[in-house]
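For reference, the structure is listed below as structure tokens.
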Amino acid sequence: MMIETSLPDSVERVLLDEATIQQRVREMAAEISADYKGIRNEDFILVGVLKGAFIFMADLSRRLTVPHRVDFIALSSYADKADATGAVRMIMDTRTDITGRHVLIVEDILDTGYTLSYLQRVFKARQPASLKTSVILSKPDRRQVEVQVDYLGFEIPNVWVVGYGLDFADRFRTLPYIAAIKPSVYEK
Ligand code: 5GP
Ligand code: MG
């Protein structure tokens with residue numbers, strides 16, 4: 001099997017390379033570890049949003065120096081892109097009861113804001129001891145609703161990005177960098 005060392009044809013440009021991402025995740029993990037210092041394992045839950053956040057979740061959680069549990073949820077993606085009504089639905093819930101616990105949401109990207117604002121509303125209703133949000137990417141130009149983010153990796157321009165967990169039609173998730181893909185890919 002050939003191991004790919006050059007950029008795939010579909011990649012237009014790399015926005016954030018592997019070293020840059022890893023350095024930022026280290027900084028975020030250090031900040032989170034300091035903020036939650038002294039917490040007990042059973043009180044602190046990282047909740048990753050599938051599928052896009054799975055790699056960020058793996059990297060971030062392994063770099064935390066405070067004990068924590070991990071759990072996951074899955075939300076519906078946009079049902080219809082053209083009609084961005086902001087309708088979001090939970091497809092898979094956490095296995096852990098978050099009530100009375102310190103919860104940190106781990107998400108891949110903040111775009112319009114509908115997904116995170118929905119999730120924060122649902123989680124707040126369950127009365128966690130605290131609720132914070134960490135996101136690796138944000139596209140500020142796309143925001144439709146304001147969302148509170150406590151730990152942010154990078155702001156990026158309004159382009160569709162892939163890699164580091166993010167996909168296009170379930171492809172490109174395992175690229176170690178974050179890249180824009182060529183328009184020809186969408187048109188296929
Ligand atoms: P929002 O509800 O904030 O508009 O959208 C957030 C969700 O849209 C993310 O969790 C992600 O699934 C998806 N998304 C938004 N922008 C991008 C992007 O550039 N690339 C990928 N792969 N997903 C995106
Ligand atoms: Mg997502």
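Each ligand, and each atom within it, is numbered from 1 in the order the structure gives. Values below: all heavy atoms of this structure, side chains included; hydrogens, waters and symmetry mates excluded. Count residues from 1 along the sequence. Being a predicted model, the structure only gives us computed values, none of them experimental.
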Check each heavy atom of [X] against ligand 1 and say whether those closer than 4.0 Å belong to the side chain, the backbone, both or neither.
X: Lys139; value: side chain
X: Glu107; value: side chain
X: Val159; value: backbone

Contact atoms of ligand 1, heavy-atom distance to [X] under 4.0 Å:
X: Asp167; value: 21 (C), 22 (N)
X: Thr112; value: 1 (P), 2 (O), 3 (O), 4 (O)
X: Tyr114; value: 2 (O), 3 (O)
X: Asp108; value: 9 (C), 10 (O), 11 (C), 12 (O)
X: Gly113; value: 1 (P), 3 (O), 4 (O)

Side-chain H-bond candidate by donor/acceptor type, Arg101 with Thr96, under 3.5 Å: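 Per modelled atom types, Arg101 and Thr96 side chains form no pair under 3.5 Å.
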Could you tell me if Glu27 and Gln23 have a donor-acceptor pair between their side chains, going purely by distance under 3.5 Å? yes
What is the ring orientation for Trp160 with Phe168, classed by angle as parallel under 30°, tilted 30 to 60°, or perpendicular over 60°? perpendicular
Aromatic plane relationship, Tyr151 with Tyr36 - under 30° parallel, 30 to 60° tilted, over 60° perpendicular: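 Tilted, since the angle between the ring planes falls between 30° and 60°.
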Ignoring angles and geometry beyond distance, decide whether Val161 reaches within less than 3.5 Å of ligand 1 through its nitrogen or oxygen atoms. yes
Below 3.5 angstrom, do we get any N/O pair linking Val162 and ligand 1?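 The answer is no, given that Val162 and ligand 1 share no N or O pair closer than 3.5 Å.
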Got more than 12 heavy atoms from elsewhere within 6.0 Å of CG, Asp9? no
Checking side-chain contact (heavy atoms from CB on, under 4.5 Å) against Tyr177, which of Thr20, Val162, Val11 comes through?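 It is Val11; the other options fail the test.
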Using side-chain heavy atoms (C-beta onward) and a distance below 4.5 Å, is Met90 in contact with Val122?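 A side-chain contact exists here, since the closest heavy-atom pair is under 4.5 Å.
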Between Lys51 and Asp108 (salt bridge meaning N to carboxylate O under 4.0 Å), is one present in this structure?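 So Lys51 does not pair with Asp108 through a salt bridge.
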Which of these, Ile109, Leu75, Ile156, Val88, has its nearest heavy atom closest to atom 11 (C) of ligand 1?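 Nearest heavy atom to atom 11 (C) of ligand 1 lies in Ile109.
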